[in-house]
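Below is one structure, written out as structure tokens; the observations come after it.
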2 protein chains.
Amino acid sequence: MAKSGDRPRAVTESALSTLDFALDRGSPVPLYHQLAQQLEAAIARGVLAPGNLLGNEVDLSVRLGLSRPTVRQAIQSLVDKGLLVRRRGVGTQVVHSRVRRPLELSSLYDDLEAAGQGPTTRVVRHETVPAPAEAAAALGLAGGSEVVLLERLRRTHNQPVALLCNYLPCDLLDLDDARLESTGLYRMMRSAGITLHSARQTVGARSATASEAARLDEKVGAALLTMERTAYDDTGRTVEYATHVYRASRYSFDFQLLVRS
Amino acid sequence: MAKSGDRPRAVTESALSTLDFALDRGSPVPLYHQLAQQLEAAIARGVLAPGNLLGNEVDLSVRLGLSRPTVRQAIQSLVDKGLLVRRRGVGTQVVHSRVRRPLELSSLYDDLEAAGQGPTTRVVRHETVPAPAEAAAALGLAGGSEVVLLERLRRTHNQPVALLCNYLPCDLLDLDDARLESTGLYRMMRSAGITLHSARQTVGARSATASEAARLDEKVGAALLTMERTAYDDTGRTVEYATHVYRASRYSFDFQLLVRS
DNA sequence: CAGTGGTCTAGACCACGTA
DNA sequence: ACGTGGTCTAGACCACTGG
């Protein structure tokens, strides 16, 4: 580190001062976002090491030729991501942990992303049926209303991992089995102009029934991970009620929490 | 879609205009936060019904005697909470869903909050032991280093629900069993000046071992919900590695996701 | 076209932690 | 006492959406 005599200050001061940021005012990408991306990249590259102070916001804004609120907005977005911590009277520093990369939240996304990828999906059932009670309640329909039932079996490495059961409002969108198997449900919703907004999930466990065991290649009574989800679009419509079961031996939910202050 | 009717309606301009907000500039509570709270209350009371437009930000700021950025900050915080949606060229509207109240994230908090409440906790083991491999890895220690092992049994309504097993760095804090049973681990950390920052969790399932079954009052082989967590404080220190098992029949994780745009 | 949110600026004062 | 982030203001222009 620093030769001698000096406080660790000089070191932590800022590797930032040697960095040059390329801000393009002509770009459609907002300035605060450009800055945030470049800061994030610097952190990822290790140029800004954990514990490093960022230097105060006023200087930074002067140096970059931006206003302080803009710089703040960039920094704030990284704070929200958990990459930086602000402390009054101290400064802003790079969070200093082995916290893994943005594995992000949970399975709204990993189902979404995984959909087109490694995993393969087979549509087992796809028909219109009277809604079971829980599905009707979740979708806000009268009991027994017609809904689309979708049952899919998902595998990776040629091993079954999950049995996905979805209930959708009848008139929500056209479902083509082939596209469904290659593209994934959420992607199809998105391209049908449905913007997902929020979802409520319950994760639990239970023992496998005979039919589940058979389809998932487990023993009867084996522990399964269960997930129940109700999803809403940005107009508040309920677009999906789902009950999924996963082989606990081959799947787990994995997420990172940030403590909100 | 829903049954009929109220979709594209050019709805009531704003029930908001009949509301008066009490903003106290003398209060230590930031203005944007006061506004956010009162908006949230109005939504909760139903004064602002789902789908209602909020009216444009400029007018709102004039009417409240605040600057537009301040009003925006208030609105933004509710957007982040999933209560409002903004759409360019349209306006800001109350999200229109049965999305339940802020059951918030997951168990970092519910463990935290539940700690002093209804549930009771009994300390089963509390000693210093050589760290098992996974614990050492998670805590960033050499294999076999000494760590504090804490095992607790949690019950509600006089029924066991979870077996909590925590590994903590030796010098982290003083643990008093009595306080631990009445106060909860996270609260003790907080009052010892440790500020939790983030955690990484993995939720899975497996069958109960004989000893787990005995302590949780389940049958051997019953499905259990498992949770593994590594928690970090705001300096990046790892403050805890935990492996918990829950009776699936009496416990599930329950959380809400917002799709980040 | 008009109206909305999205972004940005250049200042200001305050509250808090650290020294 | 000082320096930090926390809050707030009063404007401005742009980009998108809708009729």
Side-chain angles (χ1 to χ4, degrees), chain A residues 7-9 12-14 16 21 23-37 52-80 84-95 193 195 234-235 260-261, chain B residues 7-11 13-14 16 21 23-37 52-80 84-95 193 195 234-235 261:
Chain A
R7 282 304 186 194
R9 251 191 94 244
T12 59
E13 155 84 7
S14 85
L16 193 62
F21 293 92
L23 299 174
D24 174 7
R25 284 180 183 270
S27 162
V29 179
L31 291 172
Y32 73 88
H33 195 242
Q34 294 183 35
L35 177 54
Q37 284 180 322
N52 279 179
L53 289 185
L54 224 58
N56 77 55
E57 299 174 348
V58 184
D59 290 355
L60 194 53
S61 62
V62 171
R63 210 151 58 69
L64 296 174
L66 297 173
S67 71
R68 186 182 164 206
T70 302
V71 170
R72 260 186 83 77
Q73 194 174 357
I75 291 178
Q76 187 58 47
S77 71
L78 297 186
V79 170
D80 291 341
L84 299 176
V85 193
R86 310 176 116 128
R87 323 228 266 183
R88 251 205 267 238
V90 179
T92 303
Q93 41 187 316
V94 178
V95 122
T195 18
D234 59 1
T235 72
R260 308 110 46 64
S261 52
Chain B
R7 300 281 296 135
R9 172 121 38 99
V11 216
E13 146 92 6
S14 101
L16 193 61
F21 293 93
L23 299 175
D24 174 7
R25 285 179 185 271
S27 162
V29 180
L31 292 172
Y32 73 88
H33 195 243
Q34 295 182 35
L35 177 54
Q37 283 179 322
N52 278 179
L53 290 185
L54 221 58
N56 77 55
E57 299 173 349
V58 183
D59 289 356
L60 195 53
S61 61
V62 172
R63 210 152 57 69
L64 296 175
L66 296 175
S67 69
R68 185 182 167 208
T70 302
V71 171
R72 261 186 81 77
Q73 194 175 356
I75 292 178
Q76 186 59 46
S77 72
L78 296 186
V79 170
D80 290 342
L84 299 176
V85 193
R86 308 177 116 127
R87 319 228 260 180
R88 247 206 270 240
V90 179
T92 303
Q93 38 187 320
V94 178
V95 118
T195 20
D234 60 1
T235 71
S261 51

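Labels below follow one simple rule: chain letters A, B, ... track the order of the sequence lines, proteins then strands, and each chain is numbered from 1.
Distance, A:Leu84 CG to D:dG6 P: 12 Å, rounded to whole Å. Note: CG (A:Asp59) to C1' (D:dG5) measures 13 Å, nearest angstrom. Straight-line distance from the CG atom of A:Leu64 to the P atom of C:dC8: 13 Å, rounded to whole Å. For the pair A:Asp80 CG and D:dG6 P, the computed distance is 12 Å after rounding to whole Å. Rounded to whole angstrom, the span from the CG atom of A:Leu60 across to the P atom of D:dT4 amounts to 12 Å. Rounding to whole angstrom units, CG of residue B:Leu66 and C1' of D:dT7 are separated by 12 Å. In this structure, the CD1 atom of B:Ile75 is 12 Å from the C1' atom of C:dT4, given to the nearest Å. Atom CD in B:Glu57 sits roughly 6 Å away from atom P in C:dG6 (whole-Å rounding).
Taking 4.0 angstrom as the limit, A:Arg25 places none of its side-chain polar atoms (N or O) nearer than this to OP1 or OP2 of D:dC14. Regarding contacts with the backbone of D:dT7, a side-chain N or O of B:Tyr32 is found under 4.0 angstrom from either OP1 or OP2. Residue B:Arg87 places no side-chain N or O under 4.0 Å from the OP1 or OP2 atom of D:dC16. An OP1 or OP2 oxygen of C:dT4 is reached within less than 4.0 angstrom by a side-chain nitrogen or oxygen of B:Asn56. Dashed line: the shortest gap from a side-chain N or O of A:Thr70 to OP1 or OP2 of C:dT7 is not under 4.0 Å.
Closest contact between the side chain of B:Gln73 and the listed nucleotides D:dT7, C:dG6, D:dA10 involves D:dT7. Minimum atom distance to the side chain of B:Pro30 is reached by D:dC8, of the listed C:dC8, D:dG5, D:dC8.
When the side-chain contact (heavy atoms from CB on, under 4.5 Å) test is applied to A:Ser77, the partners found at least two apart in sequence or on another chain are A:Ala36. Checked against side-chain contact (heavy atoms from CB on, under 4.5 Å), B:Arg87 has the following partners two or more places apart in sequence or in another chain: A:Asp234, A:Thr235, B:Val85, B:Val90, B:Gln93.
Between the side chain of B:Glu57 and the backbone N or O of B:Val71 there is no donor-acceptor pair closer than 3.5 Å.
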(request) Verify side chain to side chain contact (heavy atoms under 4.5 Å, CB included) between A:Leu84 and A:Val95, making sure each step is shown before the conclusion. (result) CA-CA 5 Å; A:Leu84 299 176; A:Val95 122; over 6 Å; no
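Between B:Arg72 and B:Ile75, the closest side-chain pair of non-hydrogen atoms is not below 4.5 Å.
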(request) Take nucleotides 11-19 of chain C nucleotide by nucleotide from the 5' end and write B, S or -, depending on whether a protein heavy atom sits under 4.0 Å from the base, only from the sugar-phosphate, or from neither. (result) -B---SSS-
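Taking both residues in full, the closest heavy atoms of A:Arg25 and A:Gly65 are given as NH2-O, 3.0 Å, listed atom of the first, atom of the second, then distance.
Between the CZ atom in A:Phe21 and the CZ atom in A:Arg63 there is a gap of 7.0 Å [rounded to 0.5 Å].
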